Protein chains: 2
Amino acid sequence: MESFKLFLKSIVPLSDQEFEKYSPYFKTRTLTRNSYFAEIGKTSHEAAFIKKGLLRTYYINEKSEEVTSCFCAENNLTASYKSFISQLPSELSIQAVEDTELITISYNDLQILYQKSALWQNIGRSIAERQYMVMEQYASVLCNESAKEKYMRMLEEQPAVINKASVNDIASYLGITRRTLSRIRKEITQ
Amino acid sequence: MESFKLFLKSIVPLSDQEFEKYSPYFKTRTLTRNSYFAEIGKTSHEAAFIKKGLLRTYYINEKSEEVTSCFCAENNLTASYKSFISQLPSELSIQAVEDTELITISYNDLQILYQKSALWQNIGRSIAERQYMVMEQYASVLCNESAKEKYMRMLEEQPAVINKASVNDIASYLGITRRTLSRIRKEITQ
DNA sequence: CAGCAAAAAGGACAAATGTCCTCGAATTTA
DNA sequence: TAAATTCGAGGACATTTGTCCTTTTTGCTG
């Protein structure tokens, strides 16, 4: 739980006692490689902090292709947010790229925390704001860079993902084809 | 203020009395065409609801080009969120595309509202969650569609913006060049 | 360890998009 | 109103990226 405590402390001021008080609401859970944390069509009742491992979020587009929209690594949060927030069926699946350890909270328990304390209201709001800013960055950057620029950025910012995820998934995450990614990789290695 | 009240009611349950109670914290303001609501380098002390008009958000990339990251139309919120939330200098400018009427709240007043009531904590969190979901949609969609698909989507979802904004700004919003946009428009009209 | 299947690399060509430029129309300013 | 400026359309060519395919490599399973 230590890493999760540190994560929360990076968001809001939080004493160890306060953390201890609320920690019973959180459960730890392990996902084996390729198993799912959320699935398309099923309502997502949990949000998670990733203690160890890597998760891939994807949806299915009109051409029935998997499109990877996010890689979430250690010390980050993951959830099918839309589904979790609205408690409606998920449009996203979240799958473990490797064996992964999670710290989770259920929707119901989170609502209890929100009612119990302004602290949690604050954490909830700060996290939403934070996720928004990350997504904003991702959006504006990826839409205005060339395939090579996007790959170079990923190499810089998410080197661990490059090593663990498949070429297919990396390409769809960057919005390019496998063929283009292959060309870029060749160009870089020489 | 009526449209703003309706907007809030679409987010959280809110009685007319509650709205009246807090409405003194909000100011109305008019921006003339081409004037700024936020500017790069200046800390943004206000967030706004757009009563009427259209705003364009942009940043300057490494090649010193303006990149339009967002068009915000009537009945939506706008802010240089990162700057507003963190109270650090803005990386974005927000400019009026046409004469625009805003309902604004200052950072300080919003903090007072957050302290005063769980209702506003809730509104703040819900809005952040909402903004996140909008951005997520924008990101995943724009990064995996062709130039033409992106333009067609914009034509469908933001027809008013197409009519009001310049070709340059629309192109940079879609992450394509003017030349490509010109080609797409020609192709569509015949 | 051999054989199979899945994943990645890459060839050949096609299509999409970008770059650089010119021209005419629209808009602003003196 | 005339001149100046900005803006949008589009020609010609270069570059990037995609499509379809085959070959090579990797990893798994019996």
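To find a chain, count down the sequence lines: A is the first, B the second, and so on, and within it residues start at 1. These numbers were taken from a predicted model, which means no experiment stands behind them.
Whole-Å rounding puts the Ile184(B) CD1 to dA15(C) C1' distance at 13 Å. Here dA15(C) presents its P atom at 13 Å from CD of Glu187(B), a figure rounded to the nearest Å. With rounding to whole Å, Arg178(B) atom CZ is found 14 Å from dC23(C) atom C1'. Summarising the geometry, the separation between CZ on Arg185(B) and P on dG10(D) is reported as 11 Å, rounded to the nearest angstrom. Regarding Ile176(B), its CD1 atom lies at a distance of 7 Å from the P atom of dG18(C), rounded to whole Å.
Every salt bridge (charged side-chain N to carboxylate O under 4.0 Å, His left out) that Asp169(B) has, sequence neighbours left out, goes to Arg56(B).
Contact annotation: Thr180(B) does not reach the phosphate of dT17(C) (side-chain N/O to OP1 or OP2, under 4.0 Å).
Between Thr104(B) and Ala48(B), the closest heavy-atom pair is CG2-CB, 3.8 Å. Here the closest heavy-atom approach between residue Phe19(A) and residue Lys5(A) is recorded as CD2-CD, 3.4 Å.
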Table of protein N/O atoms under 3.5 Å from nucleotides 10-14 of chain C N/O atoms:
unit_1, atom_1, unit_2, atom_2, d
dG11(C), N7, Arg179(A), NE, 3.4
dG11(C), N7, Arg179(A), NH2, 2.9
dG11(C), O6, Arg179(A), NE, 2.8

Got a list of protein N/O to nucleotides 26-30 of chain D N/O distances below 3.5 Å?
none

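By the 4.5 Å heavy-atom criterion applied to side chains, Ile176(A) and Arg183(A) are not counted as neighbours. With a 4.5 Å cut-off on side-chain heavy atoms, Phe49(A) and Asn75(A) count as touching. Residues Ile105(A) and Leu113(A) form a side-chain contact, since some pair of their non-hydrogen atoms from C-beta on lies under 4.5 Å apart. A heavy-atom distance below 4.5 Å is found between the side chains of Leu55(B) and Ile50(B).
Here the CE atom belonging to Met1(A) is positioned 5.5 Å from the OG atom belonging to Ser23(A), to the nearest 0.5 angstrom.
When each of Thr100(A), Thr57(A), Leu31(A) is tested with Phe37(A) by the rule side chain to side chain contact (heavy atoms under 4.5 Å, CB included), just one qualifies, namely Leu31(A). Remark: of the listed residues Arg33(B), Lys52(B), Lys164(B), Lys164(B) is the sole one forming a salt bridge (charged side-chain N to carboxylate O under 4.0 Å, His left out) with Glu98(B).
Across residues 143-153 of chain B, Ser146(B), Ala147(B) each have a non-hydrogen atom less than 4.0 Å from an atom of DNA chain C (numbered order). Against DNA chain C, the stretch residues 155-171 of chain B makes no heavy-atom approach under 4.0 Å.
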(request) Would you check, one step at a time, whether the test side-chain contact (heavy atoms from CB on, under 4.5 Å) holds for Tyr22(A) with Ser117(A)? (result) CA-CA 10 Å; Tyr22(A) 296 114; Ser117(A) 84; 3.5 Å; yes
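Five base pairs at each end of the helix from dC1(C)-dG30(D) to dA30(C)-dT1(D) define two local axes, and these are offset by 50° (rounded to 10°).
Counting only N and O atoms by type, the side chains of Lys42(A) and Tyr36(A) include no donor and acceptor under 3.5 Å apart. There is a side-chain donor-acceptor pair under 3.5 Å between Tyr81(A) and Gln131(A). Residues Ser44(A) and Ser80(A) have side chains that never bring a donor and an acceptor to within less than 3.5 angstrom of each other.
Classification of the Phe4(A)-Phe7(A) ring pair by plane angle, with boundaries at 30° and 60°, yields parallel.
Taking the six-membered ring for Trp and the full ring otherwise, Tyr138(B) and Tyr173(B) have centroids separated by under 6.0 Å.
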